[in-house]
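Reviewing the structure listed below.
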Amino acid sequence: MNGVRERLASRAFSAVAVVIAVLWTTPTLGLLLSSFRPEHEIKTTGWWTVTGSPRFTLDNYREVLSGGGNGPGRLAEHFVNSVVITLPSVLFPLVLAFLAAYALAFIDFRGRDALVVGIFALQAVPLQMALVPLLRLFSQGWLFLPAWNLEGPARFGHLWFAHTAFALPFAVFLLHNSLAGLPRELIEAARVDGASHGTLLLRIVLPLSRPALVTFAVIQFIWVWNDLLVALTLSGGTPGTAPMPVALANLAGTYGNEWQRLTAAAFVAAFVPLLVFFLLRRHFARGLLAGSVKG
């Protein structure tokens, strides 16, 4: 009887999962079909009418990538800006958080527990509260960051600094939970054999914590790639520094009716995050569960 109930429950959950998946992907399918439809049809008929008189075109993608038409475009230039902003904004907090998480997990020092609680509490601070203080610091040429007059790749330094600072509390918390779940016997055995902290960090802890590192990297990559608020505030929105979300906000047109551009640009912008997620999804799923179960 219990086996029958378990099978019925499993089938019910599977059916619910299928229904949720269909409801979740249907709007995305409609957006994809609309991105290939001519401008006139997008503005006059719904995407579900495509089965009656299918007409498809690549003009929408040509317009947003090369800048054709009567409005802003050239999304390819902003694509490069997004790559230059996103990659360092992922690597910097990943390295710093990994070093901090190792210290909090395996090095005993006074105030360690209070520091962990403080880092956890920092996650509750809204990002918006820090933007105005950051703008004031950057405008005064604070420390190593000049006051906005940056040239070349260094002009993205303010964005790298902001994204790194905003990501560190969550990164340290996530990686600390993962490292704290590693077998203590393995670490102690390595210490008895004379392994230094550098050896422990690179040869033992790093390979074992790869799923957690990948999990944070994927989350941070998607967050920074899709960020509009920080990019618009700190990059100034100029063509030389603005990433793709800023360009997407300008593609709607003066009256917000340039739907054919938005549908195509949405899939251009989503291609890289989707590729990253599907390539790393196995490590991502394992990293989310890291530290949750011991044994």
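Pairing each heavy atom of His176 with each of Ala105, the nearest pair is CD2-N, 3.9 Å. When all heavy atoms of Val172 and Ala100 are compared, the pair lying nearest together is CG2-CB, 4.1 Å. Closest non-hydrogen pair, Ala190 versus Leu200, comes out as CB-CD2, 3.3 Å. Contact detail for Ala231 and Val246: the closest heavy-atom pair is CB-CG2, 4.2 Å. The nearest pair of heavy atoms linking Ser35 to Thr263 is CA-OG1, 3.3 Å.
In the hydrophobic clustering of ILVMFWY residues, with side-chain heavy atoms under 4.5 Å counting as a link, Leu275 and Leu31 come out together. Put simply, Leu32 and Leu23 are part of two different groups of oily side chains (I, L, V, M, F, W, Y) that touch within less than 4.5 Å, one to the next. When the side chains of ILVMFWY residues are joined at heavy-atom separations under 4.5 Å, either directly or via intervening members, Val125 and Leu115 end up in two distinct hydrophobic clusters. Tracing side-chain contacts under 4.5 Å through hydrophobic residues (I, L, V, M, F, W, Y), one reaches Leu29 starting from Leu274; they form part of the same cluster. Under the 4.5 Å side-chain heavy-atom criterion for Ile, Leu, Val, Met, Phe, Trp and Tyr, Phe278 and Val218 are members of the same hydrophobic cluster.
No side-chain heavy atom of Leu122 sits under 4.5 Å from any side-chain heavy atom of Leu168. Considering only heavy atoms from C-beta on, Asp227 comes within 4.5 Å of His163 through its side chain. The shortest distance between side-chain heavy atoms of Val205 and Phe106 falls below 4.5 Å. By the 4.5 Å heavy-atom criterion applied to side chains, Phe79 and Val272 are counted as neighbours. Proximity of Val224 to Gln220: side-chain heavy atoms (C-beta onward) are separated by under 4.5 Å at one or more points. By the 4.5 Å heavy-atom criterion applied to side chains, Val84 and Trp160 are counted as neighbours. Taking 4.5 Å as the limit, some side-chain heavy atom of Leu104 sits within range of a side-chain heavy atom of Phe109. Looking at heavy atoms from C-beta onward, Ile219 lies in side-chain contact with Phe170 at the 4.5 angstrom threshold.
Two rings, from Phe36 and Tyr61, have their centers less than 6.0 Å apart.
Within 6.0 Å of atom CZ in Phe56, more than 12 heavy atoms from other residues, nucleotides or ligands are found, so the atom counts as buried in its surroundings.
Between the side chain of Asn60 and the backbone N or O of Arg37, at least one donor-acceptor pair lies under 3.5 Å. Distance alone, capped at 3.5 Å, is enough to place a donor-acceptor pair between the His78 side chain and the Ala242 backbone. Under the 3.5 Å distance criterion, the side-chain polar atoms of Trp225 are matched with a main-chain donor or acceptor of Ala269.
Sorted by first and then second residue, the salt bridge (charged side-chain N to carboxylate O under 4.0 Å, His left out) pairs involving residues 84-110 (not counting sequence neighbours) are Asp108-Arg112.
Taking the side chain to side chain contact (heavy atoms under 4.5 Å, CB included) definition, one finds that Leu127 meets it with Leu131, Phe166, Trp223, Leu229, Val230, sequence neighbours left out.
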side-chain contact (heavy atoms from CB on, under 4.5 Å) between Val268 and Met244, intermediate numbers included: CA-CA 9 Å; Val268 173; Met244 293 187 69; 3.8 Å; yes
CA sep, side-chain torsions, deciding dist, call: Phe173, Asn177, side-chain contact (heavy atoms from CB on, under 4.5 Å): CA-CA 6 Å; Phe173 176 74; Asn177 285 349; 3.4 Å; yes
Exercise answer: donor-acceptor pairs, residues 85-98 side-chain atoms, under 3.5 Å, sequence neighbours excluded:
from: Thr86; atom 1: OG1; to: Ser82; atom 2: O; distance (Å): 2.6
from: Ser89; atom 1: OG; to: Ile85; atom 2: O; distance (Å): 2.6

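Ile204 CD1 to Ser209 OG: the interatomic distance, rounded to the nearest 0.5 Å, is 11.5 Å.
The one candidate from Leu206, Val214, Leu208 that meets the side chain to side chain contact (heavy atoms under 4.5 Å, CB included) condition with Arg210 is Val214.
Residues Thr25 and Thr28 bring no donor and acceptor atom of their side chains to less than 3.5 Å of each other.
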